[in-house]
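Data block below; observations after.
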2 protein chains.
Amino acid sequence: MNEVKGSAGLPGTLVFRLGTLGATMSDRFAERIERHRLKPKHVGLLTALGQGSFASQQDLAGQLGVAPSLVVSLADHLETLGAVRRVRDPRDRRRQALTLTDRGHELLAACTAEARALDAELTAHLGESERQALHTALGSLAARAGLPTD
Amino acid sequence: MNEVKGSAGLPGTLVFRLGTLGATMSDRFAERIERHRLKPKHVGLLTALGQGSFASQQDLAGQLGVAPSLVVSLADHLETLGAVRRVRDPRDRRRQALTLTDRGHELLAACTAEARALDAELTAHLGESERQALHTALGSLAARAGLPTD
DNA sequence: TATTGTTATACTCTATAACTATA
DNA sequence: TATAGTTATAGAGTATAACAATA
């Protein structure tokens, strides 16, 4: 009796599919937010700021999983765009808290709209229940992988 | 009547979930294949070779969506590992066809096993029917995004 | 002259390490 | 002396452009 060896090879694995799909979608997203002079990492920073408040840039670096020096350059750029402000903590003048400006909220909303548009294109061939199931499943995987679920 | 504005913000979009999950999974996969001295791009090349026959390295570059010069360095490394061979086309001596060696097949199988192990860890909390549905849905998205479906 | 593979070069992204100011 | 933020430097990864062999 033969084994069905490799019936679904590497391209059939979740790891491969998530990796390739994720990279492709990120690239397309990057193209669309280019006109706002933003890159995905900037949007990640805006998103983090939109969700919670961080005592310091280092907290933020930890949350995003990037080096503190990267937060500096991301924040520099966002400050140039008027999307964030740095405010010194009066009780410990070494610390700076980043806050979203109105412009920052606008940009975040614009990027969210782009993401939703991409979502719609990608799932146009699916029924509503399938779309829902996909959302649920990916949310569950994200939680399992230790990523922010929402 | 208030709109439920931003009830599911950017982190709830497929683009965001696929992007972050894909990056995380790729990183973990990269860690695991490091001991074979391979990186994801090498595995991508091996996979392409394992699936079809390509006339030239440039065809391959097109298929993988990378620059021809990158195929050269990937192939160099794989040749060092004994995973691929370059054979000149006798009818057009400019062309070289890359072929998988036995060692190449072994390495591809080992990487596939790593990917399956990661899959299992990631979906350990799901039932079989949910796992199946996820596979189907992602395959469908991949096809829609113009990626190799299998 | 056009094309394949290769090599040389440059650019982007990000991390590590050195530095400044506050504590 | 230790810590937050910044700046300087270095490395990985990949693309573009110049080049050599073959057509």
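Below, chain A is the first sequence line, B the second, and so on; all start at residue 1.
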Ignoring hydrogens and angles, tell me if any N or O in the side chain of A/S56 forms a donor-acceptor pair with the backbone of A/D59 under 3.5 Å.
-> yes

Can you name the side chain to side chain donor-acceptor pair (under 3.5 Å) partners of B/R85, sequence neighbours left out?
-> none

Taking for each residue the nucleotide of DNA chain D bearing the nearest heavy atom, is the 5' side occupied by B/G65 or by A/R95?
-> A/R95

For DNA chain D, find the residues of residues 32-40 of chain B with a heavy-atom distance under 4.0 Å and give them by number; none if there aren't any.
-> B/K39

Mind jotting down which residue pairs meet the ring-ring contact (aromatic ring centres under 6.0 Å, His included) criterion with at least one end in residues 50-71 of chain A? Sequence neighbours excluded, please.
-> none

Please confirm whether the backbone N or O of B/R116 pairs with a side-chain atom of A/T13, one donor and one acceptor, at under 3.5 Å?
-> no

Identify, with sequence neighbours excluded, every residue that meets side chain to side chain donor-acceptor pair (under 3.5 Å) alongside A/D76.
-> A/R86

Where along nucleotides 16-23 of chain D does protein come under 4.0 Å, by heavy atom, of base (B) or sugar-phosphate alone (S), with - for untouched nucleotides?
-> B-----BS

In residues 73-81 of chain A, which residues come under 4.0 Å of DNA chain C by heavy atom?
-> none

A/R94 backbone acceptor or donor facing A/D89 side chain under 3.5 Å | no

Partners of A/E128 by side chain to side chain donor-acceptor pair (under 3.5 Å), sequence neighbours excluded?
-> A/R131

Solution key, residues 133-144 of chain B side-chain donor-acceptor pairs under 3.5 Å, sequence neighbours excluded:
| residue | atom | partner | partner atom | Å |
| --- | --- | --- | --- | --- |
| B/H135 | ND1 | A/G12 | O | 3.3 |
| B/T136 | OG1 | B/Q132 | O | 2.9 |
| B/S140 | OG | A/H125 | NE2 | 2.6 |
| B/R144 | NE | A/E121 | O | 2.8 |
| B/R144 | NH2 | A/E121 | O | 3.3 |

Cut-off 3.5 Å, no hydrogens considered: what does the side-chain donor-acceptor table look like for residues 105-113 of chain A, sequence neighbours left out?
| residue | atom | partner | partner atom | Å |
| --- | --- | --- | --- | --- |
| A/E106 | OE1 | A/R103 | NH1 | 2.8 |
| A/T112 | OG1 | A/L108 | O | 2.8 |

Please determine if a side-chain N or O atom of A/Q58 lies less than 4.0 Å away from the OP1 or OP2 oxygen of D/dA4.
-> yes

Starting from A/V87, walk the hydrophobic network (Ile, Leu, Val, Met, Phe, Trp, Tyr; side-chain heavy atoms closer than 4.5 Å) and list everyone else you reach, by chain and number.
-> none

Does the side chain of B/Q63 come within less than 4.5 Å of B/Q58's, by heavy atoms?
-> no

Which atom pairs, donor and acceptor, lie under 3.5 Å between side-chain atoms of residues 36-53 of chain A and protein residues at least two apart or in another chain?
| residue | atom | partner | partner atom | Å |
| --- | --- | --- | --- | --- |
| A/H42 | ND1 | A/K39 | N | 2.9 |
| A/T47 | OG1 | A/V43 | O | 2.8 |
| A/Q51 | NE2 | A/D150 | O | 2.1 |

Using a heavy-atom cut-off of 4.0 Å to chain B, what are the terminal contacting nucleotides of DNA chain C, in 5' to 3' order?
-> C/dA2 to C/dT7

Is the backbone of B/G19 close enough, under 3.5 Å, to the side chain of A/S26 for a donor and an acceptor to pair up by distance?
-> no

